[in-house]
Amino acid sequence: MEDDDTKQLSIYRAARTIKRRENTLYNALKSIYDDSIFVGEISQLWPDLPLLANLRCGLWYSSKFHSPCYFKSTDGHNNNWSFNTSRLNLHVAQLAGQKGGCFIVDATRRGKRFPDSMSKTIPIWTCVLNRSISNHLNKMRQSALFNDGEASTSDGQHYEDTRQTSVDWDCSLHLPLWVSETEKASIEDRLDEWTRQLEASGADIASLASLLKKPLRPLWISQKTVIWLNEVPDHDSWDFTPIILVSASASNGVVQQHRTSSEFSWNYIAGAGDDEESWARGLTPTLFWTHAYEIINAGPVLCNQMVADIVEKDRVYRARRGQIAPQVTVKASKLVENSVHCFHDDSMLPLDISTINIDLNSSDEDCTICWLGSTSLAVGKSQTAAASKVDCILNCDQESISASLRNDKVYLRLPMVTSKFDRFSLLNNLPSAVNFAKLNLSKGKTLLICCNNGEDISVCVCLAILTSLFDDGGAFDGGSFFSETCITKLDMRRRLVTICKYVVNARPSRGNLKQVFGFLSGGRAGSEKRLHSQDQLLE
């Protein structure tokens, strides 16, 4: 019996060893590099359309992204379909309206051509937006009809245009052919409810309707798609605004395949950019594309050490500029130490993981602050907070910053972690955060709320402050409106939509949002009241 267990364990360990040997850093980066060539070729078919990366995997597949977006595959999983108002991605629709369409790039590790984010999440998103815009146009048409007797000639023409647009506006659900009719019917049954949720969220549908001249519609392109280059249509000739979904991965029925170049042999990994924490060793898409040619040309033997050197140089550079740049060490696995392709020079590699999430919202990498309209509130990364021109800083990061504003009245550090590590971290710190914000905003000062990536914790803290200290019109009132109002999930969702309008990279986690709602529903601005009951948080 023991021999059988030992044999099974050996087979398991052997399988794991083979998998690790194939999932090397060089294999991942070389796979990404080859797939990026395909992405570049497709983007040149319609060069006027902007190229967007679906976070986070998509970021690796080009060096020339206009901006990121965030469509989760889980929102498109079978029987788990969802339209999430926390991830509206309205900037994508606005950009598509301005430019006449856009590309969205993603990839998948699974043995299929497209991730669920492209097969269902984005088609659901386009359909719900189209329905909301159609409803808005119909309301405009009815309003114009009601006021038709008083309309001028120009108003009458506008009414005719609106009427024709609302009639022709396509609100159908467009899914790829491989999605079954049964699944399509189940999704269609939920569209009306999702449309009502969008319209109740406070999203600016009127602005979208003014930018989009044609309804949104997804198109799918993969490495197996056949395109006749002499018959590529002009995107302006379509009767819809194209959202062109580009799956960068090569899908051949297997996750990995052996390939050979003129100098090296390597294993191709489909969707290699996914789950970067497990393989990237501190390398970010920005760093990779800055040094892509030298990394790829170095080959599999020298790749690990070269990446370690690049990451360390970047860490030192940022540390000298006063940015957060923690140093960690990652031990090489036993496989690597014992492998024929041994990278024995880097058994202990100094790596930096502080820039895993990069902000592509601006062409200037240092410009990582997003101002919330005229509220005097800003959200950003703690790495660059020291160089920010603000009056006060609320630092929610685990690491301190070397800011000149170290006075207790204008600088407060409240180290917080996500709900994955502590379910009450935000809840316990939000009263102090709101009090600090109230003290400084009441004096007319500007406030920066920062965290490690500027996408989750800082957004949630900003949401708590915006709801606690500002009225429904976005004016600071010190908490008067909040003290007289019973905050509902819908109210909080509307405020979050407002924040996401300015912080387009916002990705607040569900667990952190639950803590914010627990704080808002369990206390008032300036109080020390806390809500620790898990049952109440999950209501």
Side-chain angles (χ1 to χ4, degrees), residues 55-57 59 70 72-75 84 86-87 274-284 311 315 323-331 350-359 368 379-385 393-401 412-434 436 448-465 489 492 496 499-500 503 505-523 528-539:
L55 295 174
R56 288 182 301 167
C57 179
L59 279 174
Y70 187 42
K72 290 191 69 174
S73 286
T74 52
D75 291 339
N84 198 315
S86 299
R87 296 183 290 271
D274 193 21
D275 192 24
E276 61 192 46
E277 290 93 341
S278 66
W279 60 266
R281 295 177 172 240
L283 192 69
T284 66
V311 171
R315 187 196 69 80
Q323 301 175 9
I324 296 177
Q327 182 176 8
V328 298
T329 56
V330 177
K331 291 185 178 180
L351 299 179
D352 169 34
I353 59 173
S354 66
T355 56
I356 284 178
N357 296 294
I358 63 175
D359 186 359
T368 55
V379 174
K381 296 182 179 182
S382 53
Q383 289 91 333
T384 55
I393 296 177
L394 174 56
N395 180 18
C396 307
D397 200 352
Q398 291 291 97
E399 302 289 337
S400 183
I401 61 177
L412 177 64
R413 176 171 168 254
L414 296 173
M416 306 183 201
V417 295
T418 64
S419 59
K420 186 181 296 185
F421 301 103
D422 185 346
R423 290 179 298 165
F424 304 108
S425 180
L426 265 75
L427 189 63
N428 292 333
N429 285 287
L430 283 177
S432 299
V434 171
F436 176 76
L448 169 64
I449 307 158
C450 60
C451 67
N452 179 51
N453 56 26
E455 299 173 354
D456 186 3
I457 293 177
S458 57
V459 171
C460 290
V461 174
C462 182
L463 175 61
I465 293 173
K489 288 184 178 180
M492 193 179 82
L496 180 58
I499 293 175
C500 292
V503 189
N505 284 351
R507 296 192 293 160
S509 63
R510 187 167 178 262
N512 288 344
L513 289 175
K514 283 184 178 180
Q515 294 181 69
V516 174
F517 182 69
F519 166 75
L520 295 175
S521 60
E528 293 297 324
K529 191 174 180 180
R530 289 171 172 80
L531 185 65
H532 289 281
S533 170
Q534 181 180 6
D535 293 337
Q536 287 175 296
L537 274 175
L538 296 176
E539 287 181 355

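The line from CZ of R56 to CD of E455 is 8.5 Å long, rounded to the nearest 0.5 Å. Atom OG of S432 and atom CZ of R413 lie 14.0 Å apart (nearest 0.5 Å). With rounding to the nearest 0.5 Å, the separation of SG in C460 from CD1 in I449 is 11.0 Å. To the nearest 0.5 Å, atom CG of residue L394 and atom CG of residue L412 are 5.5 Å apart. Atom CG in L520 sits 6.5 Å away from atom CG in L463 (nearest 0.5 Å). Between the CZ atom of R510 and the NZ atom of K420 there is a distance of 14.0 Å, given to the nearest 0.5 Å.
Under the side chain to side chain contact (heavy atoms under 4.5 Å, CB included) rule, N452 has a single partner from Q383, E399, K381, which is Q383.
The two residues A385 and L448 come nearest to each other via the heavy atoms CB-CD2, 3.8 Å. Scanning all heavy atoms of the two residues, the minimum distance from L427 to G518 falls at CD1-C, 3.9 Å. Shown here for G454 and V503, the closest heavy-atom pair between the two residues is O-CG1, 4.2 Å. The minimum heavy-atom distance between L426 and V417, with the atom names listed, is CD1-O, 3.7 Å.
Contact of the S419 side chain with the Q515 side chain is registered, since non-hydrogen atoms from C-beta on lie closer than 4.5 Å. Counting heavy atoms from C-beta outward, V379 and V461 have side chains that stay 4.5 Å or more apart.
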Item to check | Trace of the side chain to side chain contact (heavy atoms under 4.5 Å, CB included) decision for T418 with S425 | outcome: CA-CA 7 Å; T418 64; S425 180; over 6 Å; no
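For S509, the side chain to side chain donor-acceptor pair (under 3.5 Å) partners two or more places apart in sequence, or in a different chain, are D456, N512. Listed by chain and residue number, C396, N453, I457, S458 satisfy the side chain to side chain contact (heavy atoms under 4.5 Å, CB included) test with C451 (two or more places apart in sequence, or in another chain). Among residues two or more places apart in sequence or in another chain, the side chain to side chain donor-acceptor pair (under 3.5 Å) test is passed with N84 by S86. Qualifying side chain to side chain donor-acceptor pair (under 3.5 Å) partners for D422, counting only residues two or more places apart in sequence or in other chains: none. In this structure, the salt bridge (charged side-chain N to carboxylate O under 4.0 Å, His left out) partners of R87, at least two apart in sequence or on a different chain, are D75. Residues passing the side chain to side chain contact (heavy atoms under 4.5 Å, CB included) test with A464, sequence neighbours excluded: L430, V516, F519.
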